Each structure stands twice: as C-alpha cells, then as structure tokens.
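These notes concern the structure reproduced below.
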Protein chains: 2
Amino acid sequence: MNDQEQAVLSELRAHGNKLTQARRAVVHALATSPVPLSINDLYPLAREINEDVGLVTVYRTLELLVSLGLARPVHLMDNCHGYTLATPGHTHHLHCRQCHRVIEFDGCDLGPLLERIAQQTGYHITGHWLELEGLCARCQQASDTRPAG
Amino acid sequence: MNDQEQAVLSELRAHGNKLTQARRAVVHALATSPVPLSINDLYPLAREINEDVGLVTVYRTLELLVSLGLARPVHLMDNCHGYTLATPGHTHHLHCRQCHRVIEFDGCDLGPLLERIAQQTGYHITGHWLELEGLCARCQQASDTRPAG
DNA sequence: CTACTTGCAAACACTTTGCAGTTGC
DNA sequence: GCAACTGCAAAGTGTTTGCAAGTAG
C-alpha cells in the first residue's frame, strides 16, 4: 500500500466514512494504476481485489471520493473521462497515447500566457486546465527499435 | 448567415450530402452560438429555427459534421462536452464561469513549457489541450456594480 | 449494537437503430 | 424519380435510486 492510498483512506475515515472492503478495493485499484480509470476499467480491477464489489458501489465510491476532493475526473481526448486519486496541489496530466500511462507534472508556468490572454480578452482568468498527450520514453524506444511500417 | 456557416454548408455539399432543412437548422444554431452546445442545448435551438427537427436528426447531423471535421467536441469542465463548428487551425477555449460564453484564442505559446516538460519527462509531446476559465469583462462589471454579498 | 454501507433489481436517462414516409436534387 | 434523409418508436446502453441484508466501529 503506497502513501497516497494510505492518505486517501485516512481522509475517508477523518470524514466519518467507514473503510469497507469495497472502498478499500476501489481506492487500491486507483492508487496502483498508472492511468486514469474509467468506471469500466475500474470495476473489473476492483473485483480482482474483492470479487464481491458491485458496480453500483464503484459509482458511489467514486462519487464520494470526488466530493471529498480525494479523486478527480480527468478528461481524456478519446473517451470522455477517467478518474485518478487527487494529488494535493495543482497538477496537470501528461498522457501517453500508446500505453496510456499518465504522469502528473506541476510548475506549469502559464502565468505570462494567462496575463497576455487576460489583457487581450478582458477576462479575469480564474482557472485553467491543461492536458498533454504524447509518447512516453518507453514507447518512443519501442517504436524506434521496431521495424517501421 | 456568417462565413463559417456558409463554409460548412458548402463542405457538406462537396461531400455529397444534401442540404436539408434539418441540417441547415443545426448548422445555423452552431454557427450563431458563442458557446459550445451540448445536444440538449442544440436541440431546442435547432427547433426554434425549424420546429420539425427531431432529436435523432440532431445526433446524426452532429455525427456527420464531426466525421467530416466540420465540428468538434469541446470538453467542458462541468458537464462532459459540447460541440462547436471547427475553426481551422489550433485554438483553445476561454470559458466564462458565469455567463458560459466561450471565446476561442490561438497563439498559446506553450512551446517553451512543452520543451521543458519534454526534457524533464522524456516524453515526446504530440498534442495538448488547454482550457481556461474565468469571468468575462461583462460579468466582471456586473459583479462590480452589484452590491457585494 | 447501531448507523452506515452494500448489492440487487428496477427505474431512469441518454443514445442508437429499424423502418416507412418525405425531400433534395 | 431515385437515393438520401427524416421522424417516430423501440431497442440498447450507461447511470441512479429504493430497499432489505450486511458490516465497520
């Protein structure tokens, strides 16, 4: 069990929620996945951990996690969105289009850009959402060493 | 009828599609809306233009437009996505959290940021998706002149 | 032991499909 | 006039709700 998972479980308890087998399974699946998980990805993973988990509970647990700010929806360019555990602070996602691994990064110094846009448009910008797509180092190597075509 | 609408209709014809009343209504609604429209927004707007338009036709027309690259889905932070006519080139959206007006902007010089991220992560970055949220000039004024609270 | 949580089934909402009538060209 | 298109209704899919049984604390 990694730190993030531990932290999420603690937060759940701190808000008066019971740490049931089902919730542990859902959180564990999220915590150990390198990619954001849609409900359809998450459900079978949670069942691998605890085969009694029902689909409805996955929906409800995700809803709970998101409402407490412990998980967040990630928009994906292809299907609509998946969920990851929220890391504290402001982060963005970099998504590998081949293996779908997602890493988070922070320090998106958009400040100058946002200021310029604000001046040009007259908007008072209060939030931004940036998501990058690309090929991770591993997948680049894989396609380099593999014969083209 | 604005240029964009004209262009979309021409493209439709060029691909051998008939310019029916229903399609004209859907395209007109999209072309004249400052915000991306979800199906649920689009349907009543299309019906204002032509009350015979059916919901199914709205779905099918959007599908057609997207498949021809004439419209594109826009992810929104709250509900999942709406559609706008595609403007050529690479644009981003700036969304007013109060009136939901959306304006497009280009010239998102993310180049330096993307390079830095690429170096830090080893990713080869192939695409990005940036969405800003804020208050448009009009809504700022409205809340300035309105008594606080 | 009690209240919160669960899983099931049914309800619900949204989207797609099949088909006969209609319309653009 | 013909093929493409439309609207309706029905089927299909994904999500939420009601409730009795189960479980954490």
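We name chains A, B, ... by the order of the sequence lines, and we start the count at 1 in each one. As a basis for the values below, the full set of heavy atoms in this structure was taken, side chains included, without hydrogen atoms, waters or symmetry mates. These numbers come from a predicted model, not from an experiment.
Each of B:Gly16 and B:Arg47 lies near DNA chain D, and the nucleotide nearest B:Gly16 is the one positioned closer to the 5' end. If B:Gln21 and A:Tyr43 are placed on DNA chain C by their nearest nucleotide, the residue sitting closer to the 5' end is A:Tyr43. The nearest heavy atom of DNA chain C to B:Asn40 and to A:Thr20 marks one nucleotide each, and the one closer to the 5' end goes with A:Thr20.
The separation between B:His15 atom NE2 and D:dA4 atom P is 16 Å, rounded to whole Å. Atom CG of A:Leu64 and atom C1' of C:dT5 are 11 Å apart (whole Å). In this structure, the CG atom of A:Leu19 is 11 Å from the P atom of C:dT6, given to the nearest Å. Remark: C1' of D:dC5 and CZ of B:Arg60 are 8 Å apart, rounded to the nearest angstrom. When rounded to the nearest whole Å, the span between CG of A:Leu12 and C1' of D:dG25 equals 15 Å. Distance A:Tyr59 OH to C:dG7 P: 14 Å, rounded to the nearest Å. Nucleotide C:dC25 holds its C1' atom 6 Å from the NZ atom of B:Lys18, rounded to whole Å. The CD-P distance, from A:Glu63 to C:dT6, rounds to 12 Å in whole Å.
A donor-acceptor contact shorter than 3.5 Å is absent between the side chain of B:Asn50 and the backbone of B:Ala22. Looking only at distances, no side-chain donor or acceptor of B:Arg23 sits under 3.5 Å from a matching main-chain atom of B:Thr61. When atom types are taken as modelled, the side chain of A:Glu48 and the backbone of A:Ala29 share no donor-acceptor pair closer than 3.5 angstrom.
For C:dT6, one of the phosphate oxygens OP1 or OP2 lies less than 4.0 angstrom from a side-chain nitrogen or oxygen of A:Arg23. At least one side-chain nitrogen or oxygen of A:Asn17 sits closer than 4.0 Å to the OP1 or OP2 atom of C:dT5.
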Item to complete: I would like to know whether B:His15 and B:Leu64 meet side-chain contact (heavy atoms from CB on, under 4.5 Å); could you show each step before the answer?
Response: CA-CA 11 Å; B:His15 286 83; B:Leu64 174 65; over 6 Å; no
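Counting heavy atoms of neighbouring residues, nucleotides and ligands inside a 6.0 Å radius, atom CZ of A:Arg13 does not exceed 12 of them.
Taking 3.5 Å as the limit, the base of C:dG24 and the side chain of B:Arg13 contain no donor-acceptor pair of atoms between them.
Nearest nucleotide to the A:Thr57 side chain, out of C:dG7, C:dT15, C:dT5: C:dG7.
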